[in-house]
Amino acid sequence: MAVGKGVLSTCNYEARKFGCRSGMASFVAKKLCPQLICVAPNFDKYTAKATEIRAIFAEYDPLFESASIDEAYLNITPYCAENQKDPQEAIQEMRAAILEKTKISVSAGIAANAKLAKIASNRNKPNGQFFIPSDRAAIMDFMRDLPVRKVNGVGRVFERELDSMGIKTCGDIYPQRAYLTKLFGEKAFYFLMQCYLGLGRTRVQPVENYERKSVGTEATFHEIGGKEEIRAKLWTAAQELEKDLARAQVKGRTLVLKVKLHTFEVLTRQIAPPRAVMLAKDLYAFALPMLAKLEKEIPDLKLRLLGLRCTHLVSTKKVGIEFFGAAAVNQQRPTATIRQGNAGAEEAFETAAREELQEDMNELEQLSQEIADLPEPKPSESPSEDSPASPALHWDCPICSRPHPADDKVFNEHVDFCLSKQTIKEAVQAAPGEALPVLPKSRKRKPGSTTTPDPRQKRLFFT
DNA sequence: GCGGATCAG
DNA sequence: ATGGCTGATCCGC
């Protein structure tokens, strides 16, 4: 399978130039800086600038991929070959061209795949670029010290979960590999292994024929409790959704009601109406029973958010002859020219890395089996490369029950972490209000393991 | 398929 | 109380 790959580049325009996305809520910024002037966003302007910039991208890779209004992936391998420029030169020149022609500064990352390019693009912003050589050792070096949070897909929660088992950087993943599937599932394991190895997708293509999977709307408001008041919000949402569905030219075969209670707990309920819906009155009519049921289940229902969403969409677009004609022409474009396989060192790296991943997975499968075969799943001994005679290498944290390196200092630090203010706050927050309507459930845990802690336990420790 | 939860932009 | 909204995806059941 020849995958045309090489150096990918991701570009982000500088948000500051757009006057928004400072990374801080404006009401917070205003508090910190009362004389701050907030400029209202103007998406038409941003779209116009994005169009100008994309025209320049196209000169470097006509098949570039727009990731969002201010981000794109380019495969610049062919450009570099044809123009005999090295990747860093090419991107330097492209950024200069964009700045000159559009007055927008952009940052870029240059690396062997999309995941790395994205990370690299954040490295020298604003108005900078960062290059990761397409060399196995260089990539492994880069990943080893990279905080997992820097990887797209690792958010606040996953970061904390990984941290609690001693994984802070991508390099920390490998020694803990034996636990990952059990704790986070197969997909997460595969994802984390790719993080450790610095692997990512190398395919870059236009996303023209993207099909939306859902259309929804939701609104936050001041806490309301009256039945009529809530129905009024439902009607508003239904009208809003009708408009959005019309714009998207779709109907929904399922309808999802979403509410946020005064406790901040979020609930969703869905039904499949007998036929696809799109009109506000139908949306309202089919959502109402779900709402009524919730009111029954939760006495004194008080809401701070209500939303409606349609999924399992069916198109209401009229399809004429000329539409099919145009679509067929469009479809030929990407497939015809995208593969310009360039075998060589980079591809060898890719192959080697994938082989290693496969080996690791084989090894892990064995280890998982061995762990599964134990009478009690207690990961207190490391099944990995450490000396077999040594005592327990991991202790289970009494708070979160997760394995942690058996080192006094490290372990104590972790327990402190588990007992941190935040944890206590969550616990006492849950305590004073009487029983929660619906108890939060665990996620990402394989069933059957009786020793896996219920997250509620965290609260029980304190109440 | 349903409902909860996380993540990104 | 370090946001709100939209859409996608994953997980356990």
Side-chain angles (χ1 to χ4, degrees), chain A residues 10 12-13 15 18 20-32 38 41 43 46 50 66-72 115 118 122 148-162 181-192 207 210-223 237 240-241 244-245 247-248 250 252-272 290 293-294 297 304-313 421-422 425-426 429 436-449 452 454-455:
Chain A
T10 168
N12 311 34
Y13 324 151
F18 287 137
C20 67
R21 258 184 61 178
S22 62
M24 183 183 281
S26 59
F27 74 92
V28 176
K30 206 105 183 190
K31 197 156 244 176
L32 292 169
C38 289
F43 289 96
Y46 313 153
S66 290
S68 68
I69 193 165
D70 72 345
E71 258 184 87
K115 181 184 272 152
K118 167 78 179 170
N122 289 317
V148 288
R149 186 63 158 88
K150 300 282 184 189
V151 182
N152 245 17
V154 179
R156 241 178 40 251
V157 175
F158 202 18
E159 179 190 28
R160 283 188 71 117
E161 290 176 337
L162 291 171
T181 304
K182 275 233 182 295
L183 285 170
F184 306 118
E186 199 73 38
K187 285 267 170 61
F189 168 75
Y190 193 79
F191 169 78
L192 288 169
V207 282
Y210 172 73
E211 283 217 0
R212 240 217 283 204
K213 297 188 174 160
S214 72
V215 179
T217 173
E218 63 189 60
T220 300
F221 34 76
H222 287 300
E223 201 176 298
E240 205 52 45
L241 185 52
D244 291 347
L245 289 168
R247 258 194 290 273
V250 288
R253 282 159 42 69
T254 47
L255 180 60
V256 187
L257 173 72
K258 173 177 173 180
V259 295
K260 192 187 280 182
L261 309 183
H262 67 293
T263 56
F264 280 78
E265 187 180 10
V266 176
L267 304 174
T268 63
R269 294 292 182 267
Q270 57 181 313
I271 56 156
M290 297 192 279
K293 200 170 168 210
L294 279 175
E297 289 168 12
R304 73 181 329 272
L305 174 149
L306 187 146
L308 279 181
R309 174 169 300 272
C310 279
T311 63
H312 297 116
L313 304 179
K421 268 189 192 154
Q422 178 58 28
K425 209 186 291 173
E426 283 169 18
Q429 199 176 341
L436 293 167
V438 180
L439 290 162
K441 294 182 100 180
S442 152
R443 99 192 156 95
K444 287 197 274 192
R445 294 228 162 63
K446 290 263 193 278
S449 162
T452 51
D454 186 322

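Residue numbers start from 1 in every chain, and the chains themselves are labelled A, B, ... in the order their sequence lines are given, proteins ahead of strands. Everything numeric in this text was worked out from a predicted model, so none of it was measured.
A close approach under 4.0 Å does occur between a side-chain nitrogen or oxygen of Lys213(A) and OP1 or OP2 of dT9(C). Lys260(A) has no side-chain polar atom (N or O) that falls below the 4.0 Å cut-off from OP1 or OP2 of dG4(B). Thr220(A) has a side-chain polar atom (N or O) that falls below the 4.0 Å cut-off from OP1 or OP2 of dC5(C). Here Thr268(A) reaches the OP1 or OP2 of dG4(B): one of its side-chain N or O atoms lies under 4.0 Å away.
Ranking dG4(B), dG9(B), dA8(C) by closeness to the Ser68(A) side chain, first place goes to dG9(B). When the nucleotides dG1(B), dC5(C), dG3(B) are ranked by their closest atom to the side chain of His312(A), dG1(B) comes out on top. Taking only side-chain atoms of Thr217(A), from C-beta outward, the nucleotide of dT6(B), dT6(C), dG4(B) with the closest atom is dT6(C). Relative to the side chain of Arg269(A), the nucleotides dA8(B), dT6(C), dG3(B) differ in distance, and dG3(B) lies closest. Of the candidates dA1(C), dG9(B), dC7(B), dG9(B) carries the atom nearest the Asp70(A) side chain, counting heavy atoms from C-beta on.
As rounded to whole Å, 18 Å separates atom P of dG3(C) from atom CZ of Phe221(A). Here the P atom of nucleotide dA1(C) and the CZ atom of Arg304(A) are 14 Å apart, to the nearest Å. Distance CZ (Phe184(A)) to C1' (dG12(C)): 16 Å, rounded to an integer number of Å. Taking atom NZ of residue Lys150(A) and atom P of nucleotide dC7(B), one finds them 16 Å apart after rounding to whole Å. Atom pair Arg309(A):CZ and dA8(C):P shows a separation of 7 Å (rounding to whole Å applied). Distance Tyr190(A) OH to dT9(C) C1': 17 Å, rounded to the nearest Å. Rounded to an integer number of Å, the gap from Leu255(A) CG to dG1(B) C1' is 15 Å. Residue Asn152(A) contributes atom CG, which lies 10 Å from atom C1' of dG9(B) at whole-angstrom precision.
Contact check on Glu265(A) versus Arg304(A) returns no salt bridge, with no Lys/Arg side-chain nitrogen under 4.0 Å from an Asp/Glu carboxylate oxygen. A salt bridge links Lys118(A) and Glu71(A); the closest N-O separation between the charged side-chain nitrogens and carboxylate oxygens is under 4.0 Å.
Residues Cys310(A) and Gly252(A) share a closest heavy-atom pair of CB-CA, 3.8 Å.
Nucleotides of DNA chain C nearest to Gly216(A) and Lys187(A) differ in position, and the one nearer the 5' end is that of Gly216(A).
Results of the side chain to side chain contact (heavy atoms under 4.5 Å, CB included) test with Leu257(A) over Leu267(A), Leu308(A), Ile271(A), Thr268(A) single out Leu308(A) as the only residue that passes.
Residue Tyr210(A) is classed as a sugar-phosphate contact, given heavy-atom separations below 4.0 Å to backbone atoms only. Within 4.0 Å of Val215(A), counting heavy atoms only, lie sugar-phosphate atoms of the nucleic acid but no base atom. Ala67(A) comes within 4.0 angstrom of no nucleic acid atom, judged by non-hydrogen atoms across all strands.
More than 12 heavy atoms of other shown residues, nucleotides or ligands fall within 6.0 angstrom of atom CZ in Arg149(A).
Here the two rings, on Phe191(A) and Phe184(A), have centers that are 6.0 Å apart or farther.
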